[in-house]
Number of protein chains: 2
Amino acid sequence: MARKSRAGSNRPTLADVASAAGVSAITVSRTIRSPGIVSEKARRKVQEAIARLGYTPDPAASALASRSSSTIGLLVPSLTNNVFSDVLRGVYDGAQGTRFFVQIGNYRYSALEEEGLIRTFLSQRPAGLIVSSMDQTPEGRRLLQAAPCPIVQIMETGDAIDMSVGFDQLAAVRAGARHLRDRGYRRPGFISARMDPRAQRRLGAFRDVTAACGQLDEARILTTPQPSSVGIGGHLLEQLLARAPDTDAVMCNNDDLAVGALMEAARRHIKVPDQLAICSYNDIEMARHMVPALSAVATPRREIGSRAIAMLLDEIGAPGSVTERHVDLGFEMIAREST
Amino acid sequence: MARKSRAGSNRPTLADVASAAGVSAITVSRTIRSPGIVSEKARRKVQEAIARLGYTPDPAASALASRSSSTIGLLVPSLTNNVFSDVLRGVYDGAQGTRFFVQIGNYRYSALEEEGLIRTFLSQRPAGLIVSSMDQTPEGRRLLQAAPCPIVQIMETGDAIDMSVGFDQLAAVRAGARHLRDRGYRRPGFISARMDPRAQRRLGAFRDVTAACGQLDEARILTTPQPSSVGIGGHLLEQLLARAPDTDAVMCNNDDLAVGALMEAARRHIKVPDQLAICSYNDIEMARHMVPALSAVATPRREIGSRAIAMLLDEIGAPGSVTERHVDLGFEMIAREST
DNA sequence: ATGAAAGCGCTAACAG
DNA sequence: CTGTTAGCGCTTTCAT
């Protein structure tokens with residue numbers, strides 16, 4: 001049936017469309033990629049033939065010939081962390097309807113795994129890359145610098161390689177700590193799980209603020225390398241109160257922890273916010289619906305994702321066209337009932 | 001520098017490795033894909049050359065030549081729903097360290113978008129596909145049936161196209177409803193958001209059980225097409241109690257809803273479980289840490305993901321080798337404090 | 001605005 | 001076990 005085809009998946013090719021439309025293959029290719037430069041007449045014939053044959057381009061052939069794929073790599077440290085599922089959604093919604101596929105790599109909070117993924121993704125000649133931190137290994141960073149595609153680093157402001165979208169994580173934690181102080185709490189604690197570099201830096205920011213007003217007490221700082229979860233939040237509060245029972249406020253490094261702490265407080269009949277204030281970080285949807293509603297530093301996760309993909313697509317479409325290459329989306333301290 | 005190369009990204013190719021190792025290109029190819037069939041000596045030379053040149057295969061060229069890519073497509077209806085983030089994790093962990101990439105497609109609970117994604121994914125000649133339902137459009141189903149790669153349908157048992165991993169969703173809901181009845185609750189309600197086909201069927205199962213023991217009351221069934229969230233869970237309970245204040249138990253179609261209902265009960269000083277029982281569905285980590293701890297029908301989401309990818313990889317490696325093609329992973333009714 | 005020719009980097013299909 | 005020969009389906013380059 002098909003004209004040649006070795007062991008024929010008789011899927012139509014560019015050449016099939018070309019001969020059906022009575023033009024050359026390259027005209028079909030151009031009709032698809034930049035319809036503007038093809039004559040009205042040719043375009044119509046080609047589009048008709050594409051529809052009739054049910055042609056879909058082969059991305060592998062395209063990537064091979066053009067040395068660039070339609071893949072956009074997205075490197076995240078975790079698939080379960082709600083923070084990143086919001087980012088994902090922003091990215092996916094923005095990529096929707098374009099010719100690009102998003103491919104997620106999960107490096108599980110390991111810079112070494114991240115480096116491996118950078119290598120793997122780069123070997124696919126991606127159209128662009130979104131990476132979730134500035135904490136690459138030196139080699140990882142070098143690979144990104146040498147990459148022949150635009151790169152957006154997300155979540156933070158700081159020393160970015162190419163472009164960045166984020167907010168000042170340290171200022172955000174400071175805002176939370178100051179909020180606690182302004183509400184009159186004097187013996188604040190801090191709980192955090194999964195002490196990745198960013199979590200470490202945030203803890204540092206908490207120490208700075210509390211030290212500056214003479215409220216820093218290391219006994220009130222509880223961390224664990226385990227992954228964050230609601231259960232861990234409860235445990236950490238338990239341990240914190242065992243070590244420093246007079247703690248009157250706790251800054252939680254994310255919402256899971258805060259919910260866990262809130263539940264632990266309920267279990268012990270500790271009144272929030274009277275006996276203990278709880279301030280959360282990120283502010284996923286759940287936080288505002290707790291009883292009492294959690295005060296939180298709200299971070300623009302979804303918007304980070306959509307802005308990152310938008311910048312990337314712009315830059316892919318017209319290299320050098322993105323002028324605002326480092327975007328600070330800010331954060332917001334939202335006071336509710338728990339403080 | 002490089003021998004030819006048009007405008008040289010001077011990345012080494014198979015041919016470069018071959019000449020460096022003093023063998024032919026195909027031997028290098030074989031060394032990479034099936035080391036077993038290459039002589040010890042050739043293999044060592046090739047591996048040394050690969051390491052020395054820093055060679056990485058070009059997946060596009062490989063896909064084009066072999067007519068099959070290293071992509072595994074994973075179609076999910078939502079990126080935010082915690083249910084699917086657990087599935088994702090299972091899939092990603094299982095794909096870790098293989099030569100396959102997972103590519104996620106989000107069809108946002110639209111069978112039409114799903115059909116589009118099936119088409120798009122198929123155009124990439126994926127090595128395999130994992131799809132999250134049995135509710136394709138007729139055309140979507142036809143595309144899957146004709147696909148030249150293995151396909152695993154996940155989440156449910158039922159009328160699968162190729163392979164499947166899941167559990168009996170209807171039996172799971174029935175177990176929840178029966179649990180409520182066995183605990184002595186007589187006026188059970190049901191709340192659900194995002195009424196996709198699966199949610200509809202689960203509601204049907206709830207109706208069956210309650211009708212069978214004369215407890216079905218449509219006034220106690222509250223649904224909304226909006227996406228599920230903790231906030232919506234609260235609203236739904238509020239409406240439910242407005243319509244049927246004597247409701248003494250509520251089956252929630254997922255954990256977000258159950259948490260929202262629990263918080264709404266707390267807000268209204270309704271004692272759980274004495275005045276109102278709450279039974280959840282899925283049992284994400286948070287559920288067991290609530291106060292009171294939520295009773296739930298626990299579903300094996302993570303395991304579904306890891307089992308699905310394992311079956312797929314087996315079948316890709318040796319077509320026809322998977323004998324147990326339809327796996328039922330079961331569920332578990334876990335009674336805690338909320339019932 | 002359109003086309004012809006020449007690969008992109010790899011693997012299938014034979015042969016040896 | 002190893003090599004040779006042809007492409008895979010598309011885009012680039014250079015003409016026209």
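This structure is a prediction, so every number in the text was calculated from the model and none was measured. All chains are named by letter (A, B, ...) in the order of the sequence lines, taking the proteins before the strands, and each is independently numbered beginning at 1. All heavy atoms count here, side chains included; hydrogens, waters and symmetry mates do not.
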Legend entry - Nucleotide D:dG7, atom P - distance to CG of B:Leu64 in whole Å: 14 Å
Inset, instruction - Using whole Å, report how far CD of B:Glu40 lies from P of D:dC1. - result: 12 Å
Inset, instruction - Mind calculating the distance between CZ (B:Arg67) and P (D:dG7) to the nearest angstrom? - result: 11 Å
Legend entry - Rounded interatomic separation in angstrom, taking CD1 from A:Ile32 and P from D:dT12: 13 Å
Inset, instruction - Indicate whether OP1 or OP2 belonging to D:dC10 is found under 4.0 Å from a side-chain N or O atom of A:Ser29. - result: no
Inset, instruction - Using a strict 4.0 Å threshold on nitrogen-to-oxygen distance, state whether B:Glu48 and B:Arg44 make a salt bridge. - result: no
Legend entry - Atom-to-atom span, CG of B:Asp58 to P of C:dG7 - whole angstrom: 18 Å
Inset, instruction - Mind calculating the distance between CG (A:Leu14) and C1' (D:dT12) to the nearest angstrom? - result: 14 Å
Legend entry - Salt bridge present between B:Arg142 and B:Glu115 (N-O < 4.0 angstrom): no
Inset, instruction - Quickly work out the B:Arg125 CZ to D:dC8 P distance and round it to whole Å. - result: 11 Å
Legend entry - Heavy-atom donor-acceptor pair, A:Ser66 side chain to A:Ser62 backbone, under 3.5 Å: yes
Inset, instruction - Look at A:Arg33 and D:dT12 and indicate whether a side-chain polar atom (N or O) is within less than 4.0 Å of OP1 or OP2. - result: yes
Inset, instruction - Output all residues satisfying side chain to side chain donor-acceptor pair (under 3.5 Å) with A:Tyr109, sequence neighbours left out; order by chain, then residue number. - result: A:Asn81
Please produce a list of atom pairs where a protein N or O lies less than 3.5 Å from an N or O of nucleotides 2-4 of chain C.
residue : atom : partner : partner atom : Å
C:dT2   : OP1  : A:Ser39 : OG           : 2.6
C:dT2   : OP2  : A:Ser39 : N            : 2.8
C:dG3   : OP2  : A:Ser24 : N            : 3.0
C:dG3   : OP2  : A:Ser24 : OG           : 3.0
C:dG3   : OP2  : A:Thr27 : OG1          : 2.6
C:dG3   : N7   : A:Arg30 : NH2          : 2.7

Legend entry - For atom CZ of B:Arg44 and atom C1' of D:dC1, their distance in whole Å: 16 Å
Legend entry - A:Glu315 vs A:Arg325, salt bridge (charged side-chain N to carboxylate O under 4.0 Å, His left out): CA-CA, chis, key distance, verdict: CA-CA 10 Å; A:Glu315 187 69 16; A:Arg325 301 181 81 82; 3.3 Å; yes
Inset, instruction - Give every residue pair that meets the salt bridge (charged side-chain N to carboxylate O under 4.0 Å, His left out) criterion with at least one member in residues 143-155 of chain B, sequence neighbours excluded. - result: none
